[in-house]
Amino acid sequence: MSGQRVLKAEAVVVGGVALALLCWEWPSLRREVRLWRMAGGFRAGNRYP
């Protein structure tokens, strides 16, 4: 097996793991973004030290 094929296989495995983790965490990420936006987002820095 050549080195290039090994790198491609590793990239596929890492990409699959990252995609699975994103799908697993998607509901909690949406909830966190909604809470962050309700708290003011980027503009809240001068309100909450």
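The first residue of the sequence shown is numbered 1, and numbering continues consecutively from there.
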Under the side-chain hydrogen bond (donor to acceptor under 3.5 Å, both in side chains) test, residues paired with S28 that sit two or more places apart: E25

Summary of side-chain hydrogen bond (donor to acceptor under 3.5 Å, both in side chains) pairs that have at least one residue in residues 3-19, sequence neighbours excluded: none

Let me have the donor-acceptor pairs involving side chains of residues 29-42, under 3.5 Å, with sequence neighbours excluded, atom names and distances please.
none

